[in-house]
Number of protein chains: 2
Amino acid sequence: MTQSNKKPRSAYHQSYEIIRDRILNGDLPGGTKIVEDKLARDLGFSRTPIRDSLRKLSYEGLIVDKKVVQPTEKDLRNLFQVRILLEGAAAKSAATYLPAEDLKSLANCVEIGRDGTTEDIMEANERFHEIIVQASGNSLMIETIARMKSIIYLFRKTVVLHNRPRLIDEHEEIYEAIKARDTEKAKQLMEAHLEEDLNFCLHILRSQLS
Amino acid sequence: MTQSNKKPRSAYHQSYEIIRDRILNGDLPGGTKIVEDKLARDLGFSRTPIRDSLRKLSYEGLIVDKKVVQPTEKDLRNLFQVRILLEGAAAKSAATYLPAEDLKSLANCVEIGRDGTTEDIMEANERFHEIIVQASGNSLMIETIARMKSIIYLFRKTVVLHNRPRLIDEHEEIYEAIKARDTEKAKQLMEAHLEEDLNFCLHILRSQLS
DNA sequence: CTCATAAAAAGTGTATACAAAATAAAATAA
DNA sequence: TTATTTTATTTTGTATACACTTTTTATGAG
């Protein structure tokens, strides 16, 4: 999630990334009250760029009512319903046509999924979905999913850290369907894959709440 | 689109609505360069709330690169692809269960569509879709579509002003399917309905560009 | 003690100032 | 002229101040 920044970026971009990462890695746990002034002094910026960051984080759903979000089971279901619709369609597009280079990248993601470190696996899995979403060629769809990225990350972490079985197998099956240009199968496999992710997350979530 | 405000709202809300409406009614035509200071002096606010408004408008896609958006044919297709996926699913949900009250509202929208003024028709058609989207019970989906609302409005205007044939008939068919609890039919009709909207918009758009 | 009210503190919205960055205009060389 | 560099102008990003709102804490009545 953390991206390497070449140039020194604006206070807004910096603070956005810092706050986002603090939320994502649990440094700012769900429910934490967010106050502009406190963050500003903490990060050494003025309130102005902090405010901008918080607004963006609110759009992404990471901050709700000036508190760090605590996704509920319902939120999880909602997220996956939308993902299934959009990424299912994206998988279909990808199967219609995907440049050889991207196809190779997909294969590479599967490979890393089999023998990479935990961190590499997480990154590869994210990239796997990213490539397929991009293949939709629909900038609105791409942006809509990008907006959900942070929340997805929260759950992807769960899935990988708890080592969901068959995750990489499913990626491979999707890859094969795309490679074989079987649009309907690619779509169905992607939908089933996300459904499995959802069920796994629900399972973990429930066992954590008990 | 314009909503009646009971209380005097914040400068941010006011300016957001003013600027948005200026874009939507063509007062600020596509391609217009947006300058914070100019708008601030124009509306009598400081730059701060104006900046907030512009950021929100950018999120909604009404402002791109500090210029008023000029949706392309590709944008139109992208928008409708996403709408078809999301609103198709919403229609299915609505057919699964819709409170009697909402069902009645849908019928009322159809009725207004048949014998209302142009403005009433536009509002009723918007409400028709709104009710169905709400019926999805998925707040993320609701919000995602809300975010596209302004751009949708731009096109809905086209559809109604140019009096697309069968528009209200299609609404009625969707309403009947929902009433009959035929989930698959409701979904298919909604998809077909939006497809028709898209084709009509494309037609108008092309004839305008020539 | 519980509820209501008042006082205090904290937090946010907005205006404004200024420096840095981006853009436009002007001057100069080819 | 066209291309290129310099200078001027505009525009944006950020910091800061202050008034207004909301929240918290304290105070008093029942």
Side-chain angles (χ1 to χ4, degrees), chain A residues 2-23 27-70 143 146-147 150, chain B residues 2-23 27-70 143 146-147 150:
Chain A
T2 317
Q3 56 196 83
S4 58
N5 314 327
K6 309 140 207 204
K7 331 173 184 180
R9 308 225 284 156
S10 69
Y12 158 63
H13 282 288
Q14 286 180 255
S15 60
Y16 162 74
E17 282 177 9
I18 294 172
I19 299 169
R20 184 199 59 193
D21 289 349
R22 284 192 184 175
I23 294 174
D27 226 356
L28 285 171
T32 307
K33 184 82 193 297
I34 294 292
V35 316
E36 297 172 2
D37 205 44
K38 193 165 162 298
L39 276 172
R41 267 177 292 122
D42 192 0
L43 303 192
F45 298 116
S46 81
R47 271 178 57 214
T48 312
I50 299 291
R51 276 175 68 88
D52 290 345
S53 302
L54 296 181
R55 198 177 283 281
K56 186 168 162 70
L57 290 164
S58 296
Y59 271 106
E60 293 174 2
L62 239 37
I63 292 178
V64 179
D65 287 338
K66 283 157 195 169
K67 288 195 288 293
V68 175
V69 71
Q70 273 178 307
E143 210 208 284
R147 204 173 119 256
S150 293
Chain B
T2 315
Q3 56 197 84
S4 57
N5 316 328
K6 310 139 209 208
K7 330 173 186 181
R9 308 226 285 154
S10 68
Y12 158 62
H13 282 289
Q14 286 180 257
S15 60
Y16 163 73
E17 281 176 10
I18 294 171
I19 300 169
R20 183 199 61 192
D21 289 349
R22 285 192 183 175
I23 293 173
D27 226 355
L28 285 171
T32 306
K33 184 81 193 296
I34 294 291
V35 179
E36 295 172 6
D37 202 47
K38 193 166 162 297
L39 276 172
R41 266 176 294 121
D42 192 0
L43 303 191
F45 298 116
S46 81
R47 272 179 57 216
T48 312
I50 300 291
R51 284 182 82 170
D52 291 345
S53 302
L54 296 182
R55 198 176 283 279
K56 185 166 163 71
L57 291 165
S58 296
Y59 271 106
E60 292 175 3
L62 238 40
I63 291 178
V64 179
D65 286 338
K66 284 157 195 169
K67 288 195 288 292
V68 175
V69 72
Q70 272 179 308
E143 210 208 284
R147 206 173 118 258
S150 293

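Labels below follow one simple rule: chain letters A, B, ... track the order of the sequence lines, proteins then strands, and each chain is numbered from 1.
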Quiz item: Does the C/dG13 base have a donor-acceptor partner in the side chain of A/R47 within less than 3.5 Å?
Solution: yes
Self-check item: Positions of residues 29-37 of chain B (non-hydrogen atom under 4.0 Å from DNA chain D), listed by number
Solution: B/I34, B/V35, B/E36
Quiz prompt | Results of side chain to side chain donor-acceptor pair (under 3.5 Å) for B/Q70 - residues two or more places apart only | solution = none
Name the atoms and distances for all side-chain donor-acceptor pairs under 3.5 Å in residues 62-69 of chain A, with sequence neighbours left out.
none

Practice problem: Using chain A heavy atoms and a threshold of under 4.0 Å, write down where along DNA chain D the contacts begin and end, 5' to 3'. | Solution: D/dT14 to D/dA17
Quiz item: Rounded to the nearest 0.5 Å, how far does CD1 of B/I23 lie from CG of B/L57?
Solution: 5.0 Å
Exercise. Can you sort out the partners of A/R55 under side chain to side chain donor-acceptor pair (under 3.5 Å), two or more places apart, ordered by chain and number?
Key: B/Y12, B/D52
Practice problem: Sorted by first residue and then second, give each ring-ring contact (aromatic ring centres under 6.0 Å, His included) pair with at least one member in residues 46-67 of chain A; sequence neighbours left out. | Solution: A/Y59-B/Y59
Quiz item: Listed in order of residue number, which residues of residues 51-70 of chain B have a non-hydrogen atom at under 4.0 Å from DNA chain D?
Solution: B/R51, B/K66
Quiz item: So which pairs with a foot in residues 27-50 of chain B pass ring-ring contact (aromatic ring centres under 6.0 Å, His included), sequence neighbours left out?
Solution: none
Exercise. Mind checking side-chain contact (heavy atoms from CB on, under 4.5 Å) for A/T48 and listing every partner two or more places apart, or none if nothing turns up?
Key: A/S46
Self-check item: Pair assignment for D/dT16, Watson-Crick or G-U wobble, requiring both distances under 3.5 Å
Solution: C/dA15
Exercise. Please identify each residue that fulfils salt bridge (Lys or Arg N to Asp or Glu O under 4.0 Å) with A/E36, with sequence neighbours left out.
Key: A/R47, A/R51
Quiz prompt | side chain to side chain donor-acceptor pair (under 3.5 Å) involving B/D27 - partner list, sequence neighbours excluded | solution = none
Practice problem: In whole angstrom, give the distance that lies between atom CD1 of B/I50 and atom C1' of C/dG13. | Solution: 13 Å
Self-check item: Charged N-O contact under 4.0 Å between B/R147 and B/E143
Solution: no
